[in-house]
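Below is one structure, written out as structure tokens; the observations come after it.
Counting from 1, the numbers follow the sequence of the chain as shown.
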Amino acid sequence: MYTIKQITGEDLLTRFNEIKDNIDIALVHSDGEWTSFQIVKEAISNPGLFQVWDILKDDTSVAIATTRFIEYNSFNSIHIITLGGLAEGDFPQWALKFEDMVKEFPQVDYLEFTGRRGLVRGLSKVGWNERYTTMRKQIKGDDNV
């Protein structure tokens, strides 16, 4: 069973090396949009826009995810920037748990994730739709964007 907890404030600094290592695992597959330092810096200075999450399995930290709140013209989303340390086969289970958590925030219409094409198959099985190279899942509202 997964538990997801936001890492905030001083914990972002005291756990920086662990957080950085997990972010860097995911950033290997990116095009250089972000560095781990930039993401953590944003989570410290703009916690309403950037977040760092600890993924625990049976109360043991197994992965770190980072997200960004994005306001589009017609809807809002939580965009998963990185997810490092979680086994690919566990990704759909984690995504369902994260979705349930995000549903508590009425301002969020969609979840989005930009990542490796290999994750498309697993996420498609739990209701995500591929959009360009980004996967998107509707949380509320109309699915017409």
Side-chain angles (χ1 to χ4, degrees), residues 1-72 75-141 143:
M1 178 57 130
Y2 287 104
T3 306
I4 302 168
K5 296 181 180 177
Q6 187 174 0
I7 304 171
T8 60
E10 233 179 80
D11 290 338
L12 289 167
L13 298 175
T14 59
R15 294 182 62 188
F16 178 74
N17 289 334
E18 171 195 1
I19 293 167
K20 179 187 181 309
D21 289 347
N22 280 280
I23 292 173
D24 287 346
I25 290 168
L27 290 179
V28 167
H29 305 284
S30 76
D31 288 330
E33 300 90 348
W34 296 97
T35 66
S36 51
F37 176 77
Q38 290 168 330
I39 293 170
V40 173
K41 179 182 164 202
E42 290 295 330
I44 292 168
S45 61
N46 295 307
L49 297 179
F50 288 80
Q51 303 81 33
V52 178
W53 305 93
D54 195 5
I55 294 96
L56 302 114
K57 188 172 187 177
D58 302 324
D59 295 324
T60 301
S61 181
V62 295
I64 299 289
T66 62
T67 58
R68 179 172 87 169
F69 181 76
I70 300 176
E71 292 184 76
Y72 294 99
F75 63 94
N76 298 322
S77 75
I78 294 288
H79 188 97
I80 302 164
I81 303 169
T82 64
L83 178 61
L86 194 62
E88 189 170 313
D90 290 336
F91 195 84
Q93 294 172 355
W94 172 83
L96 288 171
K97 179 73 173 174
F98 191 68
E99 174 188 338
D100 286 342
M101 194 176 77
V102 169
K103 285 179 180 177
E104 300 294 319
F105 301 97
Q107 68 273 30
V108 178
D109 301 302
Y110 290 91
L111 278 174
E112 296 179 321
F113 177 74
T114 301
R116 294 178 287 128
R117 296 253 330 133
L119 297 175
V120 171
R121 186 175 346 134
L123 286 177
S124 296
K125 291 177 184 177
V126 292
W128 290 65
N129 300 306
E130 184 177 10
R131 305 277 193 197
Y132 310 101
T133 57
T134 297
M135 297 291 292
R136 178 181 287 156
K137 184 163 187 181
Q138 179 181 352
I139 300 298
K140 66 175 183 101
D143 192 21

Is the shortest side-chain heavy-atom distance between [X] and [Y] below 4.5 Å?
X   : Y    : answer
E33 : I39  : no
P92 : K125 : no
I80 : W94  : yes
V62 : Y2   : yes

Mind checking what makes side-chain hydrogen bond (donor to acceptor under 3.5 Å, both in side chains) contact with Q38, not counting sequence neighbours? T35
Rounded at 0.5 Å granularity, tell me how far [atom1] in [X] sits from [atom2] in [Y].
X    : Y    : atom1 : atom2 : result
L83  : T67  : CG    : OG1   : 11.0 Å
I81  : E112 : CD1   : CD    : 11.5 Å
I19  : T66  : CD1   : OG1   : 10.0 Å
D109 : I70  : CG    : CD1   : 12.5 Å
T82  : F113 : OG1   : CZ    : 8.5 Å
K5   : L56  : NZ    : CG    : 6.0 Å

Between K137 (side chain only) and V126 (backbone N and O only), is there a donor and an acceptor less than 3.5 Å apart? yes
List the residues meeting salt bridge (charged side-chain N to carboxylate O under 4.0 Å, His left out) with [X], not counting sequence neighbours, and say none if there are none.
X    : result
K103 : E99
D24  : K20
K57  : D90

For [X], side-chain contact (heavy atoms from CB on, under 4.5 Å) partners two or more places apart:
X    : result
T14  : D11
E104 : none
I25  : N22

Do any pairs count as a salt bridge (Lys or Arg N to Asp or Glu O under 4.0 Å) and have a residue in [range], sequence neighbours left out, and if so which ones?
range          : answer
residues 76-86 : none
residues 58-71 : none
residues 34-55 : R15-D54

How far apart are the closest heavy atoms of [X] and [Y], and which atoms are they?
X    : Y    : value
S77  : Y72  : OG-CE1, 3.5 Å
V108 : V102 : CG1-CG1, 3.5 Å
G84  : A26  : N-CB, 4.3 Å
P47  : Q6   : O-NE2, 4.4 Å
L27  : S36  : CD1-N, 3.5 Å

Report the C-alpha distance between I7 and I64 in whole Å, list the side-chain angles of each, state the deciding distance to 0.1 Å, and finish with yes or no for side-chain contact (heavy atoms from CB on, under 4.5 Å). CA-CA 9 Å; I7 304 171; I64 299 289; 3.8 Å; yes
Whether over 12 other heavy atoms sit under 6.0 Å from F37 CZ: no
Qualifying ring-ring contact (aromatic ring centres under 6.0 Å, His included) pairs with a residue from residues 41-60, counting only residues at least two apart or across chains: W34-F50, W53-F98
